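Because the structure is a prediction, the values reported are computed rather than measured.
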Amino acid sequence: MNHDKMINISTKRGFLWPSFEIYLGVSGFTDYGPLGAILKNNIMQLWRKQYIAGEGFYEIESPTVTPEEVLKASGHVDNFTDPMTQCEGCKDVYRADHVIEEVTDLEVEGMTNAELDKIVKKHKVNCPNCRDKLSEIWNYNLMFKTNIGAKGNKTGYMRPETAQGIFIQFKRLSRFFKNKLPFGVVQLGKAYRNEISPRQGVIRLREFTQAEAEIFVDPKDKSHPMFNSIADEKLVLNSQATQIEEKDPITITAKEALDKGIVANEVLIYQIYLANKFLNEIGIPKEALRFRQHLPNEMAHYAIDCWDVEVDTDRYGWVEIIGIVDRGEYDLKSHSKYSNKELDLFISYDSPKTVSKTIIKPNMAKFGPSFKQNAPKVKGFLESVTDDNIEAIKLSIKEKGKYISNIDGEKFEILEEYLKFEDIEEEVSGEKITPHVIEPSFGIDRILYSVLLHSFHVSDSENDKDYFKLVNSIAPIQIGVFPLMNKEELNEIAIKITSNLRNSGFRVDYDTSGTIGKRYARSAEIGVPIAITVDYDTLEDNTVTIRNRDTEKQERVKLNDLNEIVEKYFN
RNA sequence: GCGGCUGUAGUAUAGUCUGGUUAGUACUUGGGCCUUCCAAGCCUACAGCCCGGGUUCAAAUCCCGGCAGCCGCACCA
């Protein structure tokens, strides 16, 4: 693990480049060079393989420009805007609302900046650090704002996460999945956050790529059909308890973690397991990973449980690369409220339930004369009261002979003779529920960085070289084809091999420049797993050598068998 | 957003303090020679003073501003 050397080579060889460089660059943005772009796509394709092919989830793609309403409902418009203030003396920057609440004990949430400014003046709120004067308050919004349409009167934002695009399609999605839980929907794409001061290269970007899955589950059933198959898998967990007690993370099986209540439910553990599996497969070793549970105070208020996957880095310490959250019903409820649409699901019971309950039957002969024009209103009220309230009404009438209802501020006296209680048995075939959402959210850029960092082999001797020991499944270039010398008769065969392999779908680099040794070294550096060399023997007996990047061993094979051997090697 | 340090070809650097030849070197990259198997050798070519302004006869060098990188603070629903 060596950040500096790794970044040096990855920049030099076309993995990661600074964006807008000839115009001096802008921090918080990165370009993926020719190899970086392939690598990123390969990682995303493997992700799709695991979650779409493996788990049966479906992918959707929604716009990155998002109208304000959506992000209002999600909470981003309000919670992503921080009122900031700066001390004119020591230049420290603070959250204005935090400073004010601390000093004045006032509840200032939802106030405008002008109102906050007034409070600052009135209560003489000064810098908590050096007591100097505070500047006028300004808003810092972490979302990129834009206007939609020529008139520019519709506000939009670049989405700060891909998840919302899934939540707001819930009605169509649940129909697509035939109204059956659980189902999973994924989205891979760009998201945007206008960070105040991004300074950690590709770790903290203003425009980044997420791969998120939203798994909709029955709140009463968070079991997972495959849980038994992973019950004995060991996980390294840094739970709330181990963090609070400042102990080392514990190694524990999935089953134990569930039984001891360390992880909230099976689906969540299964997702932790899957994340771990994915990272191992793309070349991040187990030892470099750990799972950290959010502490109660850092968890979003609606979250039921939340785990970060963290990767070890030499430059930035433990870095969060994946978040796995049980978001409960928060998102669907919130969008339902703001959009006024029913974002729920009717779940049929295995067999219809017979429910015995008490209903109220109004005696309309008495109702009309007593309540006159208000009769329908009172009737409606009585029909809509919940089971608990029926008991209260029943009790009140039994004890006092009447019940005084309060309907929209108007009081109505309901006497015993106005109604009848009837015990009935009702057949209920199911119920409407708001699904809970389990969300694994992957930061693709950070994962790519981790892959590069942990694949990077730092030379340990004179003969050794620094190179990317990328696993076969994601190496941007899979095969180098090199004529031993830059000679027409060798090149001819090498070109033919190259085009054959390319036609079979392999990413091949054909290279004649420099000495063969130099070409091996160069291709190893960018992680090409194997090199095929055409030499003078090839002209005699139709054989070539296949050289393994890591062992440096060469094997001579027949040209006729080449395709088959290579296929086997990569699949 | 604040403070400190830094910015010379693709990479690593010399030169900057003390202004003054055509900005030097190594590796890399392109072309060529060579029966050359983890960056060999030889010939050859390309390529640089972060950007803008100021001071000066003259600025890579001094001054101011900006941008970017690193470190610390703040921020990171």
Roughly how far apart, to the nearest Å, are [N] and [M] at atom [atom1]?
N       : M       : atom1 : answer
rU16(B) : rC62(B) : C1'   : 10 Å
rA12(B) : rU28(B) : P     : 15 Å
rC51(B) : rU56(B) : P     : 23 Å
rC17(B) : rU29(B) : C1'   : 35 Å
rC27(B) : rA39(B) : P     : 14 Å
rG20(B) : rG15(B) : P     : 13 Å
rA45(B) : rA58(B) : P     : 35 Å
rA9(B)  : rA26(B) : C1'   : 13 Å

Interatomic distance, [X] [atom1] vs [N] [atom2] [rounded to whole Å]:
X         : N       : atom1 : atom2 : value
Asp509(A) : rU29(B) : CG    : P     : 13 Å
Glu489(A) : rU35(B) : CD    : P     : 11 Å
Tyr23(A)  : rA68(B) : OH    : C1'   : 17 Å
Leu142(A) : rA74(B) : CG    : C1'   : 13 Å
Ile9(A)   : rA12(B) : CD1   : P     : 11 Å
Arg522(A) : rC37(B) : CZ    : C1'   : 15 Å
Arg13(A)  : rC27(B) : CZ    : P     : 18 Å
Ile203(A) : rC70(B) : CD1   : P     : 11 Å

For [X], enumerate each residue passing the ring-ring contact (aromatic ring centres under 6.0 Å, His included) test, keeping only those at least two apart in sequence or located in another chain.
X         : answer
His436(A) : none
Phe144(A) : none
Tyr536(A) : none

Would you check if [X] and [Y] make a side-chain contact, meaning some heavy-atom pair closer than 4.5 Å?
X         : Y         : answer
Leu452(A) : Leu16(A)  : yes
Ser441(A) : Val325(A) : no
Trp307(A) : Ser239(A) : yes

Practice task
Return each pair, listed once, that meets side-chain hydrogen bond (donor to acceptor under 3.5 Å, both in side chains) where at least one residue sits in residues 311-323 of chain A; pairs must be two or more places apart or across chains.
Solution key: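 Pairs touching residues 311-323 of chain A that pass the test: Asp4(A)-Arg315(A).
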Exercise for the section: Mind checking the CZ-OG spacing from Phe167(A) to Ser336(A)? Nearest 0.5 Å is all I need. Expected result: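 One gets 14.0 Å once the value is rounded to the nearest 0.5 Å.
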Practice task
Kindly compute the distance separating CD (Gln187(A)) from CD1 (Ile166(A)), expressed to the nearest 0.5 Å.
Solution key: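 These two atoms lie 5.5 Å from each other.
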Exercise for the section: For Asp561(A), enumerate each residue passing the salt bridge (charged side-chain N to carboxylate O under 4.0 Å, His left out) test, keeping only those at least two apart in sequence or located in another chain. Expected result: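 Per chain and number, Asp561(A) pairs via salt bridge (charged side-chain N to carboxylate O under 4.0 Å, His left out) with no residue.
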Looking at [options], which one has an atom nearest to any side-chain atom of [X]?
X         : options                   : answer
Thr545(A) : rG10(B), rC37(B), rA39(B) : rC37(B)
Glu195(A) : rU35(B), rA39(B), rC76(B) : rC76(B)
Glu525(A) : rA39(B), rA12(B), rC37(B) : rA39(B)

Handout entry: Backbone N/O of Thr543(A) and side chain of Thr538(A): donor-acceptor pair under 3.5 Å
Key =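 The answer is yes, because a donor-acceptor pair under 3.5 Å joins these two groups.
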Listed in order of residue number, which residues of [range] have a non-hydrogen atom at under 4.0 Å from RNA chain B?
range                       : result
residues 513-520 of chain A : Ser513(A), Thr515(A), Ile516(A), Gly517(A), Lys518(A), Tyr520(A)
residues 528-543 of chain A : Asp535(A), Tyr536(A)
residues 465-482 of chain A : Lys465(A)
residues 305-336 of chain A : Arg315(A)

Handout entry: Donor + acceptor pair across side chains of Thr434(A), Glu329(A) (<3.5 Å)
Key =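 The answer is no; no qualifying pair exists.
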Handout entry: Donor-acceptor side-chain pairing of Asp305(A) and Gln293(A) below 3.5 angstrom
Key =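 Present: a donor and an acceptor within the cut-off.
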Handout entry: Presence of Arg204(A) side-chain N/O under 4.0 Å of rC75(B) phosphate oxygens OP1/OP2
Key =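 For Arg204(A), the contact criterion (side-chain N or O under 4.0 Å from OP1 or OP2 of rC75(B)) is not met.
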Exercise for the section: Output every pair passing salt bridge (charged side-chain N to carboxylate O under 4.0 Å, His left out) with a member in residues 521-533 of chain A, not counting sequence neighbours, ordered by first then second residue. Expected result: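 Those involving residues 521-533 of chain A are Arg13(A)-Glu525(A), Asp511(A)-Arg522(A).
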Handout entry: Electrostatic pair Arg446(A):Glu310(A) at N-O distance under 4.0 angstrom
Key =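 Here Arg446(A) does not pair with Glu310(A) in a salt bridge, since their nearest N and O are not under 4.0 Å apart.
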Practice task
For Glu21(A), answer base if it contacts any base atom (sugar-phosphate contacts may also be present), sugar-phosphate if it contacts only those atoms, and nothing otherwise; contact means non-hydrogen atoms under 4.0 Å.
Solution key: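 The answer is nothing, as Glu21(A) stays clear of every strand by at least 4.0 Å.
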Handout entry: Earlier contact from the 5' end, RNA chain B, for Ser27(A) and Met485(A)
Key =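 It is Met485(A), whose closest nucleotide lies nearer the 5' terminus.
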Exercise for the section: Can you establish whether the number of heavy atoms outside Glu567(A) located under 6.0 Å from its atom CD is more than 12? Expected result: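 Count over threshold, so yes.
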Heteroatom pairs (N/O) under 3.5 angstrom, protein to nucleotides 44-53 of chain B:
none

Handout entry: Ring geometry between Phe570(A) and Phe506(A) (parallel below 30°, tilted from 30 to 60°, perpendicular above 60°)
Key =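 Judged by the thresholds at 30° and 60°, the geometry between Phe506(A) and Phe570(A) is tilted.
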Problem - With sequence neighbours excluded, residues passing side-chain contact (heavy atoms from CB on, under 4.5 Å) with Asn8(A) - result: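 Counting only residues at least two positions away or on another chain, Asn8(A) forms a side-chain contact (heavy atoms from CB on, under 4.5 Å) with Lys12(A).
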